Amino acid sequence: MPATPAYPPQSAPRLYVDVELNEGAEIRLDGSHAHYLLKVMRIKEDQPVKLFDDRTGEYLAHVTMLGKRDLILRIDGKTRTREDVPDLWLLAAPIKKDRYNWIAEKATELGIAKMVPVQTARTQNGQIRPDKLRAHMIEAAEQCERTALPMLDDLIKLDALLKNWPADRHLFFADERIHDRGEGSFRKALVAHGGPAAILVGPEGGFSDTENDAIRALPQSVAVSLGPRILRADTAAVAAISLWMAGRGDWN
Ligand code: SAH
């Protein structure tokens, strides 16, 4: 006899909805949500779905009505309260679309609070699509069980970013030109600099000399090395976030 399946099954679809959820409420889903549940997941009546709203938390719901292009879910109960996200921003110069989307996805999984696209002198691809980028972040958040979405800022020019930099936030500047590993040790920098933080990663061509000087001139900036090899911008972003998460985030 097959064992009674655990409820909810591990495979319960998990979706972000842009509306405040409440225990006991019913919610109608249409559009891409309905397409995903009906056509991709082939969901049936009574089956469980996890929902989170980025406002209050995560809920368990079940299907009460199946339509052709929409469905109704009843929210049974709250499973988690919205989490406190570690206070880390990722500032990343746009690179090729697929790789930039990849950064957004991985940064979301790794736990950032906010992503800020930064336009620099050597940014090849200033044409980012915020809607697409956000869709990647939402999908990653759904998959990795976040209960809070990272914020996504509009593209900002590097000089404007530096000019208005918050006094209380460290800016860890990933600088591949550091050759003195002692001076540029990220591990040591993390021990010395706690509190709100951001990581700045350049485009594939790196920062110009002028930009490098301007970033270093900011009192809150801490130049750090990610080792003796030159990393691609996407690798650098993921490596730096991981280091910060392990040292100052919620990985411990
Ligand atoms: N200057 C190079 C490569 C830039 S790599 C060139 O001329 O092509 C892209 C970005 O990744 C850099 O701007 C930097 O922020 C980050 N990065 C890459 N390797 C790094 C390393 N070893 N240490 C710190 N940051 C690094």
Side-chain angles (χ1 to χ4, degrees), residues 86 88-128 133 136-137 150 152-153 155-166 169-193 196-249 251:
L88 178 67
W89 301 351
L90 173 67
L91 321 179
I95 51 175
K96 279 203 208 95
K97 192 179 66 195
D98 289 352
R99 287 185 175 269
Y100 204 61
N101 289 340
W102 188 89
I103 293 180
E105 177 184 296
K106 298 307 158 204
T108 302
E109 288 175 45
L110 294 170
I112 60 157
K114 176 151 97 166
M115 179 158 173
V116 185
V118 184
Q119 194 180 331
T120 68
R122 297 184 190 147
T123 301
Q124 301 106 328
N125 179 2
Q127 294 296 310
I128 54 156
L133 209 50
H136 278 274
M137 294 166 90
L152 174 62
D153 272 9
L155 183 72
I156 182 168
K157 290 196 171 133
L158 181 66
D159 51 1
L161 180 92
L162 297 177
K163 207 163 125 202
N164 301 307
W165 192 253
R169 186 172 294 272
H170 296 300
L171 179 64
F172 293 105
F173 162 41
D175 185 1
E176 77 283 5
R177 300 187 209 180
I178 298 176
H179 291 298
D180 178 343
R181 297 271 107 68
E183 176 217 341
S185 162
F186 203 163
R187 202 167 43 81
K188 284 191 202 150
L190 287 172
V191 173
H193 304 288
I199 288 165
L200 174 61
V201 174
E204 291 299 359
F207 290 101
S208 71
D209 290 346
T210 320
E211 287 176 333
N212 196 296
D213 292 345
I215 300 163
R216 282 171 171 272
L218 189 77
Q220 300 90 321
S221 120
V222 185
V224 291
S225 166
L226 296 169
R229 290 158 294 275
I230 304 293
L231 309 178
R232 297 188 73 129
D234 45 353
T235 316
V238 164
I241 296 168
S242 304
L243 280 167
W244 188 90
M245 282 293 165
R248 286 286 178 180
W251 288 16

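Just follow the structure's listing: the first ligand is 1, and inside any ligand the first atom is 1. These values consider heavy atoms only, across backbone and side chains, with no hydrogens, waters or symmetry-generated copies. One-based numbering along the sequence shown. Every value quoted in this text rests on a predicted model; they were computed, and no experiment measured them.
Under the 4.5 Å side-chain criterion, counting only non-hydrogen atoms from C-beta, Leu158 is in contact with Ile215. Within the 4.5 Å cutoff, no side-chain heavy atoms of Val201 are placed close to those of Leu91. Side-chain contact between Asp209 and Arg177: present, with at least one pair of heavy atoms (C-beta onward) separated by less than 4.5 Å.
With a 4.0 Å heavy-atom cut-off, ligand 1 is reached by the backbone of Asp175 but not by any atom from C-beta on.
Atom 23 (N) of ligand 1 has its nearest heavy-atom neighbour, among Ile199, Leu226, Ile95, in Leu226. Here atom 12 (C) of ligand 1 lies nearest to Glu176 when heavy atoms of His179, Glu176, Arg177, Glu211 are compared. Comparing Gly184, Pro203, Ala236 by heavy-atom distance to atom 16 (C) of ligand 1, the nearest is Ala236. With atom 25 (N) of ligand 1 as the reference point, the heavy atom nearest to it among Ala92, Ala174, Gly206 is part of Ala174.
Per-residue contacts place Ile230 under 4.0 angstrom from the following atoms of ligand 1 (heavy atoms of the residue considered): 3 (C), 19 (N). Atoms of ligand 1 found under 4.0 Å from any heavy atom of Val201 (numbered from 1 in listed order, with element): 11 (O), 15 (O). The Val224 neighbourhood of ligand 1 comprises atoms 24 (C), with distances under 4.0 Å to a heavy atom of that residue.
Using a 4.0 angstrom heavy-atom cutoff, Thr235 does not count as in contact with ligand 1.
In plain terms, the two heavy atoms of Ile112 and Met245 that are nearest each other are N-CE, 4.0 Å. Residues Ser221 and Arg216 come closest through the heavy atom pair OG-CA, 3.7 Å. The two residues Val118 and Lys157 have their closest heavy-atom pair at CG1-C, 4.5 Å. Closest approach of Leu231 and Ala239 over heavy atoms only: CD1-CB, 4.5 Å. A pairwise comparison of heavy atoms in Ala93 and Tyr100 identifies O-CE1, 3.4 Å as the closest pair.
At least one N/O-N/O distance between Arg229 and ligand 1 falls below 3.5 Å. At a 3.5 angstrom cut-off on N or O pairs, Gly227 counts as close to ligand 1. Where the criterion is an N or O separation shorter than 3.5 Å, residue side chain and backbone included, Pro228 fails it with respect to ligand 1. On a distance-only criterion, Glu204 and ligand 1 share at least one N/O pair closer than 3.5 Å.
Ring planes of Phe186 and Phe172: tilted class, angle from 30 to 60°.
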